[in-house]
Enquirer: 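Here you go, one structure.
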Amino acid sequence: MSGLPAAFYDRPVLEVARDLIGCTVEHRGAAGVIVETEAYHQQEPASHAYVGLTPRTRTLFGAPGRAYVYRSYGVHALLNAVCEPEGVGAAVLIRALEPTAGIKEMTARRSALLGREAREYELCSGPGRLTQALGISLEENDTDLRLGPVRIGPRPEDWQDPPVLVGTRVGITRAVDLQWRFCAAQNRHVSRPRPAEGTAGVSRRG
DNA sequence: CATGGGATTGACT
DNA sequence: GTCAATCCCATGC
């Protein structure tokens with residue numbers, strides 16, 4: 001799989017977040033199509049970059065097209081794609097995937113942590129779940145999303161672009177009103193809470 | 001150096 | 001619906 005060029009990420013983070021819906025994430029043979037994202041930017045307080053350049057946020061302020069992986073709640077590794085020009089702290093959080101390859105390996109990894117057989121819709125329906133399923137860890141922080149080991153590539157040939165629902169971001173306490181969450185409509189692999197169809201906005205690409 | 005707060009998940013009531 | 005797990009790091013003394 002060829003990765004998306006750095007220029008794809010060197011754009012306003014809201015555009016990248018919307019356009020990543022339908023793109024493919026791959027790690028060591030396991031892969032899925034992105035069905036949910038959120039945008040974060042240094043100018044709003046929910047972003048880690050809001051506090052400025054620190055050791056933690058160094059990757060966020062670095063070159064676009066790299067992976068920002070950090071630990072959440074002391075437990076989960078969360079995957080982001082760094083966006084906008086170098087020096088601007090902005091990234092897209094990858095929140096859910098529709099599994100497409102390596103499902104056996106993903107099921108094995110998730111089942112080991114759950115202590116029971118994981119169902120298909122439980123594999124990648126959440127930002128912590130998808131990194132577990134793909135085996136992505138903090139070691140992948142600040143690696144190139146074009147070269148790997150974590151790669152993001154274009155839409156699969158057979159992927160039908162669904163409407164993209166726009167809603168508010170999940171699990172934050174500040175800047176809660178910004179509609180910076182993007183979800184593929186009517187997709188089983190979107191995480192909870194799923195945006196209500198009919199109340200959420202709809203975004204077109206382009 | 002001590003403290004506190006998470007871009008979450010899963011188990012439990 | 002509630003709540004603990006568990007760790008990185010920003011902040012303040």
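What's counted below: heavy atoms across the whole structure, side chains too, no hydrogens, waters or symmetry copies. Residue numbering restarts at 1 for every chain, and letters A, B, ... go by the order of the sequence lines. Since we're looking at a predicted model, the values are computed, not measured.
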Enquirer: Answer with base, sugar-phosphate or nothing: what part of the nucleic acid does R169(A) contact at a heavy-atom distance below 4.0 Å?
Expert: nothing
Enquirer: If I take atom CZ in residue R71(A) and atom P in nucleotide dT8(B), what distance separates them, rounded to the nearest angstrom?
Expert: 14 Å
Enquirer: So which nucleotide from dT9(B), dT11(C), dT6(C) ends up closest to the side chain of P127(A)?
Expert: dT9(B)
Enquirer: To the nearest Å, give me how far apart NE2 (H48(A)) and P (dT8(B)) are.
Expert: 9 Å
Enquirer: How would you label the contact of L78(A) with the nucleic acid (heavy atoms, under 4.0 Å): base, sugar-phosphate, or nothing?
Expert: sugar-phosphate
Enquirer: So, OP1 or OP2 of dA7(B): does either fall under 4.0 Å of a side-chain N or O from R181(A)?
Expert: no
Enquirer: Starting at OH of Y50(A) and ending at P of dT11(C), how long is that distance when rounded to a whole Å?
Expert: 11 Å
Enquirer: In terms of the nearest nucleotide of DNA chain B, which residue is placed more toward the 5' end: L113(A) or Y70(A)?
Expert: Y70(A)
Enquirer: Could you check whether S137(A) and E140(A), counting side-chain N and O atoms only, form a donor-acceptor pair closer than 3.5 Å?
Expert: yes
Enquirer: In whole Å, I'd like the distance from the CZ atom of R58(A) to the P atom of dC9(C).
Expert: 10 Å
Enquirer: Of the listed nucleotides (dA7(B), dC8(C), dT9(B)), which one gets closest to any side-chain atom of H76(A)?
Expert: dT9(B)
Enquirer: Quick one: pull up CD in Q42(A) and CG in L60(A) and give me the separation to the nearest 0.5 Å.
Expert: 9.5 Å
Enquirer: If dC12(B) has a Watson-Crick or G-U wobble mate with both distances under 3.5 Å, name it; if not, just say none.
Expert: dG1(C)
Enquirer: Distance under 6.0 Å and angle within 45° of the ring axis: does R169(A) meet both against Y40(A)?
Expert: yes
Enquirer: Looking only at the side chain of T173(A) (C-beta and beyond, no hydrogens), which of the listed nucleotides dA10(C), dT8(B), dG6(B) gets closest?
Expert: dG6(B)
Enquirer: Looking only at side-chain N and O atoms, does Q132(A) offer a donor or acceptor that is under 3.5 Å from a partner on R109(A)?
Expert: no
Enquirer: Whole-Å distance between dT8(B) P and I94(A) CD1?
Expert: 14 Å
Enquirer: Could you give me the CA-CA distance, side-chain angles and deciding distance for E36(A) and R181(A), then say whether salt bridge (Lys or Arg N to Asp or Glu O under 4.0 Å) is met?
Expert: CA-CA 7 Å; E36(A) 181 185 351; R181(A) 185 191 188 199; 2.7 Å; yes
Enquirer: Using both distances under 3.5 Å as the test, list the Watson-Crick or G-U wobble partner of dT6(C), or none.
Expert: none
Enquirer: Is T54(A) close enough to dA10(C) that one of its side-chain N or O atoms is under 4.0 Å from OP1 or OP2 there?
Expert: yes
Enquirer: For the pair made of CG in L123(A) and P in dG10(B), what is the distance, rounded to whole Å?
Expert: 11 Å
Enquirer: For the backbone of A108(A) and the side chain of S111(A), can you confirm whether one donor and one acceptor N or O come within less than 3.5 Å of each other?
Expert: no
Enquirer: So what does R110(A) hit on the nucleic acid, given a heavy-atom distance under 4.0 Å: a base, only sugar-phosphate, or nothing?
Expert: sugar-phosphate
Enquirer: For nucleotides dG4(B) and dA4(C), find the distance between their P atoms and express it as a whole number of Å.
Expert: 16 Å
Enquirer: Starting from P on dT6(C), measure out to CD on Q132(A) and report it in whole angstrom.
Expert: 14 Å
Enquirer: DNA chain B: R129(A) or Y40(A), which has the more 5' nearest nucleotide?
Expert: Y40(A)
Enquirer: Tell me the interatomic distance from R56(A), atom CZ, to dC9(C), atom P, rounded to whole angstroms.
Expert: 7 Å
Enquirer: Under 4.0 Å, counting only non-hydrogen atoms across every strand here, what does L114(A) touch: a base, just sugar-phosphate, or nothing?
Expert: sugar-phosphate
